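Some notes on the structure that comes next.
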Amino acid sequence: MPKPIFLIGYMGSGKTTLGKKLANKLDLPFIDTDEEIVKQIGMSITEYFGEHGEAAFRELEREQIRKFADNYAVISTGGGAPCFLTTWIGSKPMVMRCICK
């Protein structure tokens with residue numbers, strides 16, 4: 001069964017830009033976990049951080065990553081996602097690609 005392609009890297013490193021191009025080239029859907037979180041919470045990530053703190057945000061991020069772990073898609077994660085091991089523990093086995101600027 002094909003696995004999703006998770007793009008990880010620093011904030012502003014081009015994950016979304018490259019992810020859209022890669023998804024188009026591979027004829028796969030593109031998912032940006034930060035965009036999905038913003039849709040879910042109805043405010044910017046900066047606002048959410050200010051009101052609820054980093055721990056609450058990381059939980060949302062973890063939920064999004066696990067939610068899409070079964071999708072055969074190109075998935076751009078938030079810049080901080082790889083820094084938190086609990087984001088990935090319990091996730092299904094997957095192939096990860098890293099983009100470094």
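It should be emphasised that the depicted structure is a prediction, and the values quoted were computed from it without experimental measurement.
- Side-chain atoms of Val74 and Ile31, non-hydrogen and from C-beta on, never get closer than 4.5 Å to each other.
- For the pair Leu7/Thr77, no side-chain contact is recorded, criterion being any heavy-atom separation below 4.5 Å from C-beta on.
- Atom-to-atom distance recorded for Arg66:CZ and Glu61:CD is 11.5 Å, nearest 0.5 angstrom.
- Contact check for Ile37 versus Tyr48: no side-chain heavy atoms found under the 4.5 Å cut-off.
- For Lys39 and Glu35, the salt-bridge test fails: no basic side-chain N is under 4.0 Å from an acidic carboxylate O.
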| side-chain contact (heavy atoms from CB on, under 4.5 Å) between Asn24 and Lys20, worked out | CA-CA 6 Å; Asn24 186 49; Lys20 288 177 180 177; over 6 Å; no
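- Here the straight-line distance linking atom OG of Ser76 with atom CG of Asp34 works out to 7.0 Å at 0.5 Å rounding.
- One finds the CZ atom of Phe6 at 8.5 Å from the CG atom of Asn71 (value rounded to the nearest 0.5 Å).
- Put simply, the side chain of Thr33 reaches to within 4.5 Å of the side chain of Ile75, judged on heavy atoms.
- The closest side-chain heavy-atom distance from Phe57 to His52 is not below 4.5 Å.
- The minimum heavy-atom distance linking Tyr10 with Lys15 is given by the pair O-NZ, 3.0 Å.
- Inter-residue side-chain proximity for Asp32 and Glu36 is flagged as unmet; no heavy-atom pair is nearer than 4.5 Å.
- The line from CD1 of Ile65 to CD1 of Ile8 is 9.5 Å long, rounded to the nearest 0.5 Å.
- Within the 4.5 Å cutoff, no side-chain heavy atoms of Pro4 are placed close to those of Tyr72.
- Residues Ile5 and Leu26 meet the side-chain proximity criterion, which asks for heavy atoms closer than 4.5 Å.
- Contact between Ala73 and Pro29 at its shortest, heavy atoms only, is CB-O, 3.4 Å.
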| task | Start with the C-alpha gap between Gln64 and Leu60, add the side-chain angles, then the distance that decides, and say whether side-chain contact (heavy atoms from CB on, under 4.5 Å) holds. | result | CA-CA 6 Å; Gln64 288 295 323; Leu60 289 174; 5.6 Å; no
